[in-house]
2 protein chains.
Amino acid sequence: MARGRASGYPGQRAAILAASARLFAQHGFAATSMNQLAQACGLSKPALYHYFADKDALLAEIAEAHVRQLLAVVRDVEAACADPAARLPLLIRRFVEEYAGAQDAHRVLTEDVRFLDDARRTRILDIEREVVAGFADAIAALRPQLAGRAKPLAMLLFGMINWLFTWFRPGGRLDYAALAPLVADLFLHGALNMGPE
Amino acid sequence: MARGRASGYPGQRAAILAASARLFAQHGFAATSMNQLAQACGLSKPALYHYFADKDALLAEIAEAHVRQLLAVVRDVEAACADPAARLPLLIRRFVEEYAGAQDAHRVLTEDVRFLDDARRTRILDIEREVVAGFADAIAALRPQLAGRAKPLAMLLFGMINWLFTWFRPGGRLDYAALAPLVADLFLHGALNMGPE
DNA sequence: CCTACCGATCGGTAGG
DNA sequence: CCTACCGATCGGTAGG
């Protein structure tokens, strides 16, 4: 949000978070300097430190807000979807949409969270685990025989979706909008047809 | 290979590469200093620069050697596997083994290669593309109807396997040895049962 | 003139 | 909220 005048403290905070997410996603957390960040925001470096205690606080807030939003989507689908077998396809679609709208934050979540200190990282991983559990429930609802392997299967599903966004930047030849149905197709047919034990 | 006396130039080079891969995988490329690296190798920093031109050269050599080894596995399976339908399951198994034996290099390949300059990164991505093409061929051989979507499917498969190694460090509760058959099961049943168009 | 290094320090920049 | 800085450490290289 370079030079875009953000009115008030909350707006400025949000603008800084958006610019940080973009720079962290682009160059990596460690390779992004606070000076670069200040310049991108049209602020001095000390001004930046007025809004956030340190560089890690930016990383933590970007990642936590994103993963909380993902958990909210899980809860929303659980509440809205009466038919348990329909929950998983809907979850997949909603997540791909969610990722697409928050690619910078998502990349920060998947690549940079490991550099946080234990306390902050644990908070985020705990929320992540709730998200995975939500997917695992949806898998078990789709086919109860898979209940014992629902969590590992959920993680493989996340592997596919996450990788999609590591590889495909917007505007590429194979974009994620075209790949989302392929992911759903592959996973659902695999889950429904694989051996029961 | 800290303090391990490596006899001769080639041995010392190999020891440095192994230590670099470990440190880059552990702390990230940007967050690993040449001083740390030198210390881990039991060398002075100038000695390190005797073996490698700069920090990027280390990253490039680790990633390129690993991806070349992956391509060699693809070629090996292609040559050894007479039955085309049996190729994909074998490829999956061989790759999980290969990844398991080179986790540090693999993490460097998947997370740090993007920081290389264009020339070096392109060299590595070109080899990666050959590997993906090998998997796509195996998918098309398994079920010719999928030929048109073989490459995207190959990438989803890599997504699952790569994510496995991002999440599971050796000795965890759910290790990759147990998950490899799950990956193969899910993918093969999905690929064989999904819609033909 | 080669190899395989050493102790010390270069010019710049990191987070704060 | 800026200019002006800090202690330390960065990647890389000097002479010997």
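Atoms considered below: every heavy atom in the structure, side chains included; atoms not considered: hydrogens, waters and symmetry mates. Letters A, B, ... mirror the listed sequences (proteins, then strands); counts begin at 1.
Contact between the side-chain N/O atoms of B/Y49 and the OP1/OP2 oxygens of D/dT13 is not found at any separation under 4.0 Å.
Across the protein-nucleic acid pair, B/F52 atom CZ and D/dT13 atom C1' stand 18 Å apart, rounded to whole Å. The separation between B/D54 atom CG and C/dC10 atom P is 22 Å, rounded to whole Å. Here C/dT9 presents its C1' atom at 17 Å from CE of B/M34, a figure rounded to the nearest Å. What separates CD of A/Q36 from P of C/dG12 is a distance of 18 Å, to the nearest Å. Atom CZ of B/R13 is separated from atom P of C/dA4 by 11 Å (rounded to the nearest Å). Between the CG atom of B/L37 and the P atom of D/dG12 there is a distance of 12 Å, given to the nearest Å. Rounded to an integer number of Å, the gap from CZ of A/F29 to C1' of C/dG15 is 10 Å. Note: CG (B/L48) to P (D/dT13) measures 13 Å, nearest angstrom.
Looking at A/K45, its side chain comes within 3.5 Å of the base of C/dG16 through a donor and an acceptor atom.
Set against D/dC1, C/dC5, C/dG15, the side chain of B/L43 has C/dC5 as its closest nucleotide. Which of D/dC1, C/dA4, D/dC10 sits closest to the side chain of B/N35 comes down to D/dC10. Closest to the side chain of A/S44, out of D/dC1, C/dG16, C/dC6, is D/dC1. Across C/dC6, C/dG16, D/dC10, the shortest atom-to-atom separation from the side chain of B/P46 is found for C/dC6. When the nucleotides C/dT3, D/dT13, C/dG16 are ranked by their closest atom to the side chain of B/H50, C/dT3 comes out on top.
Comparing C/dG16 with D/dA4, their C1' atoms sit 13 Å apart, to the nearest whole Å. Between the C1' atoms of D/dA8 and C/dG12, the separation comes to 13 Å (whole Å).
Between B/R94 and B/D76 there is a salt bridge, with a side-chain nitrogen of the basic residue lying less than 4.0 Å from a carboxylate oxygen of the acidic one. Ionic pairing of B/R120 and B/E61 is not present here: no N-O contact between side-chain nitrogen and carboxylate oxygen is shorter than 4.0 angstrom.
Not less than 6.0 angstrom separates the ring centroid of A/H189 from the ring centroid of B/H189.
Under the 3.5 Å distance criterion, the side-chain polar atoms of B/R13 are matched with a main-chain donor or acceptor of B/Y51. Side-chain atoms of B/K45 do not come within 3.5 Å of backbone N or O of B/Q39 as any donor-acceptor pair.
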